[in-house]
Every structure is written in C-alpha cells, then in structure tokens.
Amino acid sequence: MTHVILITGASRGIGRATARLAGARGWAVGVNFVGNAEAAATTVSEVEAAGGRAVAVRGDVSIEADVVAMFDATRDAFGALDGLVNNAGIVAPSLPLAEIGAERLKRIFDVNVYGAYLCAREAARRLSKGRGGNGGAIVNVSSAASRLGSPLEYVDYAGSKGAIDTLTIGLAKELGPQGVRVNAVRPGLIDTDIHASGGQPDRAAVLGAGTALGRAGTAEEVAEAIVWLLSDASSYVTGALLDVSAGR
Ligand code: NAP
C-alpha cells in the first residue's frame with residue numbers, strides 16, 4: 001500500500017485528479033506545481049476534502065535543486081516516500097518540425113525528459129530498499145504520442161514521451177530488485193488545459209470524437225490507472241506501458 005507520494009504537476013489536470021483520488025484512499029500527497037500557487041492550493045484542499053493529507057511544493061522539474069527540495073519537502077511533511085507520479089509535462093503550439101525553433105526544442109526536452117529523469121533518479125535514490133528506502137512504485141506519465149509521432153503538431157513532444165517509455169522499461173529492470181515497480185500510463189485525448197497551451201483548446205473534444213469510444217477522456221479516468229499502478233493491486237506489474245487512450 002502506497003501512503004506517501006509526490007506528484008509532479010499536480011496543480012491542474014491529470015496530476016490534480018490523481019492527487020484527489022490518492023486523497024480518497026487516505027494517502028499523503030506532495031502537490032508539486034511550478035507557477036500556479038492558487039491552483040495548487042485548490043488541489044491541496046480537494047485532497048483534504050477527499051480524506052487525505054497534502055502539501056503544496058513549488059519547483060521546476062527541470063532544475064535539479066528544485067527537484068531535490070520538492071522530495072525533501074514531501075518527506076519533511078509526511079515521512080519517507082512510497083511513490084512518485086512523474087506527471088509534469090508541456091507542449092508548445094502545433095508546428096511542423098521545420099518551423100520549430102531551438103529554444104522551444106530545448107524547453108520541451110528540458111521539462112519532459114531531463115525533468116522526468118531527474119525526478120525518477122531522485123525517487124530511485126529514496127525508494128530503493130538497498131539505499132534504506134521502503135520500496136514502492138513510480139508511475140511515469142507518457143503519452144499515446146510516443147506511438148503516433150504527432151506529425152505536423154509536435155514531433156518534439158512525441159519524441160520526449162518516447163524517452164519516457166524507454167526510461168520506464170530500463171528503470172523497471174534496475175529497480176525491481178530494489179522493491180520498486182516502475183510503469184507508465186500513455187493517455188490519449190484527455191480534457192485538460194494542456195491543449196489550450198498548444199493553441200488548440202478544443203483538440204481533445206474534436207479528435208476524441210474519432211476514437212473507438214467516440215469522446216475525449218477525463219483526467220479522472222487517467223488517474224484511476226495511475227493510482228492502480230501505485231497501489232498493491234498491481235503488485236506483479238512492472239515495466240508496463242498502459243494505454244489509456246480509447247483505442248487511439
Ligand atoms: P496541464 O493540465 O497542462 O497541467 C500541467 C501541470 O504541469 C500543471 O500542474 C503545471 O503546473 C505543471 N508543470 C508544467 N511545467 C512544469 C515544470 N517545469 N515543473 C513542474 N511542474 C510543471 O497538463 P495535463 O494534460 O494534466 O498533462 C499532465 C501529463 O499528462 C503531461 O505529462 C502530459 O504530457 C501528459 N498527457 C496529457 C494528455 C492530455 O490529453 N491532456 C495526453 C497524453 C499525455 P502550473 O499549474 O504551476 O503551471
């Protein structure tokens with residue numbers, strides 16, 4: 001049973017829904033955000049209302065000192081960590097690769113790959129039984145984009161999620177003997193703010209209509225898969241890439 005978890009990017013969207021569901025199980029949650037303190041405070045209230053405990057922890061996942069500090073703050077609030085949801089991620093406006101500038105490329109990979117690797121490394125250090133940890137679980141939030149490639153939209157983002165799939169496969173093998181399971185969820189078209197940040201606020205609704213289930217998904221539907229992978233109910237699952245994408 002996972003009790004103390006850190007969720008990166010938990011102020012909104014999938015991270016917030018996951019925090020809420022963890023709260024309903026009575027878990028204690030470090031609610032990471034980067035800029036939106038008000039939204040993070042709302043997540044904390046929602047976790048508490050659901051029956052859990054929570055603390056908001058500011059930090060940019062692409063800055064090593066911030067990552068170490070957010071793990072420390074969660075441990076200081078609730079004790080040794082049992083799990084990480086490596087969820088923070090960004091897209092940028094839809095463009096073919098030929099039109100994408102170097103600064104944007106660097107930022108996408110800094111947050112989505114370097115940031116996720118830093119957080120996973122920190123979790124590996126703290127959860128591994130051979131290093132004095134409790135064991136536990138890491139859930140990486142990838143994307144169906146890693147399979148689809150996202151042509152003419154954001155091949156940079158899609159490639160960053162390919163790295164997350166590969167991280168999941170390798171780290172599951174590294175950490176299995178340490179009592180730590182590592183899995184990924186690959187959401188499809190989920191109704192959150194991320195599509196507006198890519199310049200297409202109605203993207204999930206429009207493209208979701210073309211999936212096998214004929215609609216966009218909700219953050220709560222992804223959270224169910226994440227919390228299952230964190231929990232002992234998935235005790236024989238590691239190295240899995242779980243599509244939550246309505247057949248897309
Ligand atoms: P969202 O609604 O845009 O929320 C993004 C979250 O990430 C916010 O809490 C934001 O914090 C945080 N964040 C952004 N940059 C950060 C940084 N540098 N350091 C720390 N936190 C940062 O996104 P979402 O749709 O829930 O997406 C969550 C994850 O699911 C992402 O990895 C995304 O790639 C993946 N995903 C989403 C979909 C989808 O359709 N929505 C599909 C596939 C995969 P602030 O509130 O402080 O800005």
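Both counts, for ligands and for their atoms, begin at 1 and track the order of listing. Values in this document were obtained by computation on a predicted structure and should not be read as measured data. The analysis underlying the following values was restricted to heavy atoms, covering all of them including side chains, and did not include hydrogens, waters or symmetry mates.
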List ligand 1's nitrogen or oxygen atoms that come under 3.5 Å of a protein nitrogen or oxygen, with the partner atom and distance.
unit_1	atom_1	unit_2	atom_2	d
ligand 1	9 (O)	G9	O	3.2
ligand 1	9 (O)	S11	N	3.4
ligand 1	9 (O)	S11	OG	2.6
ligand 1	9 (O)	R12	N	3.4
ligand 1	11 (O)	S11	OG	3.2
ligand 1	18 (N)	D60	OD1	2.9
ligand 1	19 (N)	V61	N	3.0
ligand 1	25 (O)	T192	OG1	2.5
ligand 1	26 (O)	I14	N	2.8
ligand 1	32 (O)	N87	O	2.7
ligand 1	32 (O)	K161	NZ	2.9
ligand 1	34 (O)	Y157	OH	2.6
ligand 1	34 (O)	K161	NZ	3.2
ligand 1	40 (O)	G188	O	3.2
ligand 1	40 (O)	I190	N	2.9
ligand 1	40 (O)	I190	O	3.2
ligand 1	40 (O)	H195	NE2	3.0
ligand 1	41 (N)	I190	O	3.3
ligand 1	41 (N)	T192	OG1	3.1
ligand 1	46 (O)	S11	OG	2.6
ligand 1	46 (O)	R12	NE	2.8
ligand 1	46 (O)	R12	NH2	3.3
ligand 1	47 (O)	V34	N	3.0
ligand 1	47 (O)	G35	N	2.8
ligand 1	47 (O)	N36	N	2.9
ligand 1	48 (O)	R12	NH2	2.9

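Between R121 and E64 there is a salt bridge, since at least one side-chain N of the basic residue sits less than 4.0 Å from a carboxylate O of the acidic one. A salt bridge is defined here as a Lys NZ or Arg NE, NH1 or NH2 lying under 4.0 Å from an Asp or Glu carboxylate O, and R25 with D232 fails to meet this definition. Between D165 and R186, at least one side-chain N (NZ, or NE/NH1/NH2) sits under 4.0 Å from a carboxylate O, which counts as a salt bridge.
Of all heavy-atom pairs between V47 and A19, the closest is CG2-O, 3.5 Å.
Under the side-chain hydrogen bond (donor to acceptor under 3.5 Å, both in side chains) test applied with R58, the options D66, N36, N32 reduce to a single match, D66.
If you check the side chains of N140 and S142, you find no donor sitting under 3.5 Å from an acceptor.
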